[in-house]
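Numbered from 1 within each chain, the chains take letters A, B, ... in sequence-line order.
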Amino acid sequence: MTTRESLLAETDSNWPWDVWSQTWFEATSAKRLVPIRVGIGILASIQFVMYLCYSYAWLGPVGMFPTDVSLHFIGDGLEELGSQYRWSVLFDYPSLVSMVSAIGLVAAIGLALGIGSRLAPAIAWLSLAQFHHRAPFLVELHEPILAILLLYLVIHPGSEGWMPRKGCQWQDRVFATISLRLIQSHFWIWGAFVLASMISRSVWWNGDAGWILAQRSSAWLQLSEGMEWVGQLMTHLIVISLGCSLICLMQDKTRSVGQWVWLVFVLCVLLLTGQWMYAAVLLVWSQAYWPIPPRLSFLRKKSVP
Amino acid sequence: MLVRSLTLRVTVPFENSCLPNDQLTSSQSNPKTARASSPTWAQAFASVCILIHLGTVILIASVNHQRSKLQDSVLTFIQPYTIGLNLYHEGLNAELVSDASLVDQYRIAVELQDASNGTRTERIERSWIPIVEYLRTDRGFHVDQAKQRQLLALLITLTRNDDLDGVLRILKGVVTHHESISKQKVNRVRLELPSVDENDLNASSALIVEDGVTCILASVARFDDGEVGLVGAVSALRSVPSKIERSTP
């Protein structure tokens, strides 16, 4: 009998349903979601402050990317492109951009502070979605990730303040588990396909990608002639660290290694792209794996003496 | 009884989640009991929803570059879900790298109406004012610098696809915005592409060379109702006016 079979036999489980059920529906402490909630709340607040600063100039009534231009590019009137499913109040009322930004900012601050329960991430997501649907071509790398994390936090925001009140204890929640697992699963799927996307192109194999990215004026790491090897090193580091971290994050034993490898990946991305919001969102997203999640019961039985 | 038990199970997670230690129920200290508290049918329903959602996420991620007809059909079917939730996103992918070297070189510049005095050289130096350029000369902090990059990246794509109509639509928005904030009339606008490939230049009727700068050039036309329109200049070497109307909806 293999180890796995013996473990399953110990738990008297109906594999795979029991494993699936334990993974997704075993109540988890909402405490696990706190770093994600606070992090996403802070980053969403920064995003809405930036929207407050420039969205009127870009998406307002006489903005650089007016409504008619946006409608043209989303394929308005062409049903096969799905433009009829793009919903944003900013199409009809472009002057509301500042108000939507302000509402989103309040909700995001509430989310960071643990105020408003599910309402806070829901309103923040709705506000963010107004901008994404209004001008999907202007959405930056980190914004869709921010939006989907807000959506997952609606399932359970882990909002019990910064910490539970004195004399209280975090309660276990099934919804907290579902929210956490969705964040984890989406993270891994995203990482796997980004890796697949990268290694399908030669620039990520021959090391040119890092050099090309470093030539952009926004890169934090500016490379001059003769420093090509640094670009090549960074390219290889990105590919290897992303792959290794995805593998390491899958196992409890290697997860702590994976965290450091993931930090290397995020640091390389930050240096080469200069997109600090993107790097910050990736860091917060990885918090879903940071504390070791509750193990599956067939593993726990073995580890508990 | 069934309704009562379901109601209780559904409302439990919405209750005040911070309870004194002595009020914690046994289900919270026993995970197995806590898991068993949600009914099987609810778990089955939630499982289906989770699988559909994760399947959609995988599908969207897998059609980043190319897609099969099957994927295309499924994506079209689930458009209300994917587009409604705006699930599309990309990561550190190939497009980011391929556009990286170009975005910095593109810029949008306008020529004001009162810039017609002086010698030709003076006019050239003075008249073309850059209004959208991604950190080309100014390394200061701009909150909208990433949006400028996105706009220029979109223009790169449109130029590569020889979509003059799309380029002119964007330039029109930029001109209208510039006029509204500067209170100065714009005479002409151009999208500059300093290091365009010779093959691209030959392939596109929209690209011209003016004053040594390869660009897409358009003149501003004003209508009686105050509306602004752009008329794109087509290279004199080619006579393919139909290309201008190619992508008009």
Best-contacting candidate, A/Asp68, A/Ile189, A/Val69, against chain B by heavy atom pairs under 4.5 angstrom: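 Among A/Asp68, A/Ile189, A/Val69, the one with the most close pairs to chain B is A/Ile189.
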Residue among A/Ile178, A/Leu182, A/Val139, A/Leu151 with most heavy-atom pairs under 4.5 Å to chain B: A/Val139
Contacting region of [X] [heavy-atom separation from chain A under 4.5 Å]:
X	value
B/Leu158	side chain
B/Leu154	side chain
B/His178	neither

Residue pair A/Leu213 / A/Ala219: nearest heavy atoms and the distance that separates them: O-CB, 3.5 Å
Region of A/Ala57 in contact with chain B, defined by heavy-atom distances below 4.5 Å: both
Interface moiety of A/Phe137 toward chain B, non-hydrogen atoms closer than 4.5 Å: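 Contact with chain B involves both backbone and side-chain atoms of A/Phe137.
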Parallel, tilted or perpendicular: ring planes of A/Tyr51 versus A/Tyr54, cut at 30 and 60 degrees: perpendicular
Plane angle bin for A/Tyr152 and B/His53 - parallel if under 30°, tilted between 30 and 60°, otherwise perpendicular: perpendicular
Residues B/Glu227, B/Lys172: salt bridge by 4.0 Å N-O rule: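 Salt bridge present between B/Glu227 and B/Lys172.
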Of all of [options], which one pairs up most often with chain A through heavy atoms under 4.5 Å apart?
options	value
B/Gly173, B/Ser180, B/Pro80	B/Pro80
B/Thr176, B/Thr76, B/Leu85, B/Leu171	B/Leu85
B/Ala44, B/Ser62, B/Ser47, B/Ala46	B/Ser47

Heavy-atom neighbours of A/Trp87 CH2 exceed 12 at 6.0 Å: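 Atom CH2 in A/Trp87 is crowded, with more than 12 foreign heavy atoms closer than 6.0 Å.
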Within 6.0 angstrom of B/Phe45 CZ, more than 12 heavy atoms from elsewhere: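 Result for CZ/B/Phe45: open.
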A/His133 and A/Tyr85: CA distance, side-chain angles, deciding distance, side chain to side chain donor-acceptor pair (under 3.5 Å) verdict: CA-CA 9 Å; A/His133 284 294; A/Tyr85 305 119; over 6 Å; no
